[in-house]
Amino acid sequence: MTSQTAQTSQTTQTITAAGTWRLGDRTVHRIGFGAMRLPQNGEALVSGAVPRDRGRAVEVLRRAVELGVNHIDTAAFYFSPLRSANELINRALAPYPEDLVIATKVGPGRDPSGEWLPHARPEQLRGQVEENLRQLGRDHLDVVNLRIVGADSIAERFGALAELRQAGLVRHLGLSNVQPHHLDEALAIAPVVCVQNMYGIGVQPEQDTFLRTCGERGIAFVPFYSIAGTGRQAGAVGDDSAGVLEVARAHGASAAQVRLAWTLQRAPHVLAIPGTGDPEHLAANVAAGALRLTSADLAVLDSLHRADGAS
């Protein structure tokens, strides 16, 4: 056995240590991969970003699958000059492994120069779904999340996606950046397999109740920016508190790994979708699935979560 093969085998065992969850009729490892950071170096979702080396991006995606990742989060609006997350996924992984679940998002849109457009109206969502299908080279999408901004009703937009699900273009539906009443509204129309909301240590602790509600309903809760926190699409700001760093030192881990482990230990229905364009960071993120925080660790981190959220 070569050292590379041995390392892959060991890390694959690591990803299974975090367990699995069901997204509709599909089973995924709880550590997935977020593609937002893949098309560029530096901040994502800005016009004029510096494109990432294509070969490097393809390498990271293939390595993720080698390490056992079978849940990738993407969107057609994840692109930089010369690079598209969906195109990179297609190039790296097609023909796709049978167990790979690709989740995408619709609602937001960007024009070819990268400037943001108004969120799609119900009649425009089919075009966004078809855009994802073309870029990914698929005949159907595994999971489509309706991403929204604000508290207004989502009934018309979610209903439009439910029609595409009935037509066979979409297998499962989810929600992104929503409030609890949106989930109730959506469930009255069609099944929901996941909710994606911003969440992490000290990041929107008011989401704790919503997280539990999702678990009670058998719905995956998929935090985004669980490492980056307030850095959002620019990445982690590097100002981790003394408590996070103390726990990290005790486990010989990084602060990012502690943040991922804390998120995963919130509940078995919580999935992680950390993103990176660096193979070493990828391996470290996957390894966080085997990091077991003690009750003392969790007491420290939970206290930070509540305190930082109140500040």
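FYI, the numbering just counts along the sequence from 1. Worth knowing before you read on, the calculation uses all heavy atoms, side chains too, and leaves out hydrogens, waters and symmetry mates.
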Closer than 3.5 angstrom, by distance alone: can the side chain of [X] be matched with the main-chain N or O of [Y] as a donor-acceptor pair?
X	Y	value
Gln128	Gly107	yes
His182	Asp152	yes
Arg292	Gly289	yes
Glu59	Pro279	no
Arg134	Gly137	no
His172	Ala103	no
Asn197	Pro223	no
Arg157	Ser153	yes
Lys105	Thr74	yes
Gln257	Ser254	yes

Would you call [X] and [Y] a salt bridge, using N to O less than 4.0 angstrom?
X	Y	answer
Asp208	Arg266	yes
Asp184	Arg217	yes
Arg26	Asp99	no

Residue pair [X] / [Y]: nearest heavy atoms and the distance that separates them:
X	Y	value
Gly150	Gln179	O-NE2, 4.0 Å
Thr263	Ser226	OG1-CB, 3.8 Å
Thr104	Ala76	OG1-N, 4.1 Å
Tyr199	Leu211	CE2-CD1, 3.7 Å
Gln196	Asn145	NE2-ND2, 3.4 Å
Ala288	Ile31	C-CD1, 4.3 Å

Tell me whether [X] shares a hydrophobic cluster with [Y], the cluster being built from Ile, Leu, Val, Met, Phe, Trp, Tyr side chains joined at under 4.5 Å.
X	Y	result
Leu82	Leu61	no
Leu282	Leu291	yes
Phe79	Ile89	no
Val106	Phe158	yes

Taking only distance into account, with no hydrogens and no angle test, what donor-acceptor pairs under 3.5 Å do side-chain atoms of residues 51-58 form with protein atoms, sequence neighbours excluded?
from  : atom 1 : to    : atom 2 : distance (Å)
Arg52 : NE     : Leu38 : O      : 3.1
Arg52 : NE     : Gln40 : O      : 3.4
Arg52 : NH1    : Asn41 : OD1    : 3.1
Arg52 : NH2    : Arg37 : O      : 3.1
Arg52 : NH2    : Gln40 : O      : 2.8
Asp53 : OD2    : Gly55 : N      : 3.2
Asp53 : OD2    : Arg56 : N      : 2.9
Arg54 : NH1    : Glu87 : OE1    : 3.0
Arg54 : NH1    : Glu87 : OE2    : 2.6

Would you say [Y] and [X] are linked by a side-chain donor-acceptor pair, where the criterion is simply a distance under 3.5 Å?
X	Y	answer
Ser84	Asn86	no
Thr209	Arg212	yes
Asp302	Trp262	yes

Criterion salt bridge (charged side-chain N to carboxylate O under 4.0 Å, His left out) on Glu66 and Arg63, from CA distance to verdict: CA-CA 5 Å; Glu66 288 176 356; Arg63 184 63 178 149; 3.0 Å; yes
Heavy-atom side-chain proximity of Val60 to Leu88 below 4.5 angstrom: no
Interatomic distance, Tyr96 atom OH to Asn90 atom CG [nearest 0.5 angstrom]: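 Between atom OH of Tyr96 and atom CG of Asn90 there are 4.0 Å.
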Trp21 six-ring face occupied by Arg30 cation (under 6.0 Å, within 45°):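 Geometry flag: not set, cation outside 6.0 Å or 45°.
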